[in-house]
Amino acid sequence: MHDQSQTANHIIKSYQQDEQMMILVFSQWCINNDYDPAALYSEAYPEQGNNHELKQALALTVSKEESSPIATETVINLLQVFGNEDLAYLVQTYSEKGS
């Protein structure tokens, strides 16, 4: 029983770390493309208000000059893996506007 609990905790922790990485990639993509990550997030999920994880990710982003390019498809795929379909749609929409 104890092993199952440890395994479950490990899976949850791993998922949370992956989710944080997804938020960081989204945030950096926004910065690289001159979008405000918080504004895009609020547009996709207006009912959620301030997102603590997004604020944490923003603290880890770098300027677009310091960042490597991030492919829009990568961001969309990551968002979809974590069930952020509305945000993935907005990324796609904004990307098409900017091209």
Side-chain angles (χ1 to χ4, degrees):
M1 184 71 150
H2 184 65
D3 287 342
Q4 285 180 329
S5 177
Q6 283 181 323
T7 301
N9 286 338
H10 176 73
I11 291 169
I12 290 168
K13 187 173 182 174
S14 179
Y15 178 86
Q16 288 170 336
Q17 289 171 339
D18 291 348
E19 186 177 38
Q20 288 170 338
M21 181 57 69
M22 176 268 302
I23 295 167
L24 178 57
V25 170
F26 161 74
S27 298
Q28 190 64 58
W29 177 88
C30 288
I31 289 168
N32 291 359
N33 291 282
D34 300 319
Y35 300 122
D36 176 355
L40 252 71
Y41 187 87
S42 292
E43 188 176 338
Y45 307 110
E47 71 286 350
Q48 286 192 12
N50 289 333
N51 182 298
H52 178 69
E53 289 82 10
L54 183 59
K55 284 183 181 178
Q56 285 181 317
L58 286 172
L60 299 173
T61 58
V62 296
S63 71
K64 70 180 185 178
E65 292 77 22
E66 296 175 89
S67 175
S68 297
I70 300 172
T72 301
E73 282 303 313
T74 300
V75 177
I76 291 169
N77 289 336
L78 271 174
L79 291 170
Q80 289 175 334
V81 164
F82 284 89
N84 291 296
E85 300 294 331
D86 293 342
L87 197 52
Y89 175 77
L90 272 181
V91 166
Q92 180 70 44
T93 302
Y94 276 78
S95 172
E96 289 171 358
K97 282 184 198 175
S99 323

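The residues of the chain are indexed from 1 along the displayed sequence.
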Query raised in the report: Does any non-hydrogen side-chain atom of L54 lie less than 4.5 Å from one of S27?
Result: yes
Requested in this report: Return the minimal non-hydrogen interatomic distance between A57 and L24, and the atom names on each side.
Outcome: O-CD1, 3.5 Å
Report summary line: For S68 and N32 the tightest heavy-atom approach is O-ND2, 3.3 Å
Report task. Check whether any side-chain heavy atom of N33 lies under 4.5 Å from a side-chain heavy atom of Y94, and answer yes or no. Result -> no
Report task. Could you list all the salt bridge (Lys or Arg N to Asp or Glu O under 4.0 Å) pairs where at least one residue sits in residues 78-94, not counting sequence neighbours? Result -> none
Query raised in the report: Counting only heavy atoms not in N50, do more than 12 sit closer than 6.0 Å to its CG atom?
Result: no
Query raised in the report: Looking only at atom types and distance, does a side-chain atom of Q80 sit under 3.5 Å from a main-chain N or O of A88, one as donor and one as acceptor?
Result: no
Requested in this report: Provide the closest heavy-atom pair for L90 versus A44 in the form atom of the first, atom of the second, distance.
Outcome: CD1-N, 3.4 Å
In residues 14-22, what donor-acceptor pairs under 3.5 Å come from side-chain atoms, sequence neighbours left out?
none

Report summary line: The ring pair (Phe, Tyr, Trp, His ring centres under 6.0 Å) partners of Y41 (sequence neighbours excluded) come to Y45
**Report entry** Cluster link V81 to V75, ILVMFWY, side chain under 4.5 Å
**Finding:** yes
Query raised in the report: Would a distance-only check, ignoring hydrogens and angles, find a side-chain to backbone donor-acceptor pair under 3.5 Å from S67 to S63?
Result: no
Query - L87 side, atom CG; I76 side, atom CD1 - distance, nearest 0.5 Å - result: 10.0 Å
**Report entry** For K55, all residues meeting salt bridge (charged side-chain N to carboxylate O under 4.0 Å, His left out), sequence neighbours excluded
**Finding:** none
Query raised in the report: Going hydrophobic residue to hydrophobic residue with side-chain gaps under 4.5 angstrom, can you get from L60 over to Y35?
Result: yes
Report task. If a pair satisfies salt bridge (Lys or Arg N to Asp or Glu O under 4.0 Å) and one of its residues is in residues 60-73, list it, with sequence neighbours excluded. Result -> D34-K64
Query raised in the report: What are the two closest heavy atoms between S95 and W29, and how far apart are they?
Result: CB-CZ2, 4.2 Å
**Report entry** Heavy-atom check, side chain of L58 versus side chain of P37, under 4.5 Å
**Finding:** yes
Requested in this report: Take L79 and Y89, measure what side-chain contact (heavy atoms from CB on, under 4.5 Å) needs, and give me the verdict at the end.
Outcome: CA-CA 9 Å; L79 291 170; Y89 175 77; over 6 Å; no
Query raised in the report: Do F82 and I23 touch side chain to side chain, with heavy atoms closer than 4.5 Å?
Result: no
Requested in this report: Quick one: which residue pairs count as a salt bridge (Lys or Arg N to Asp or Glu O under 4.0 Å) with a foot in residues 37-53, not counting sequence neighbours?
Outcome: none
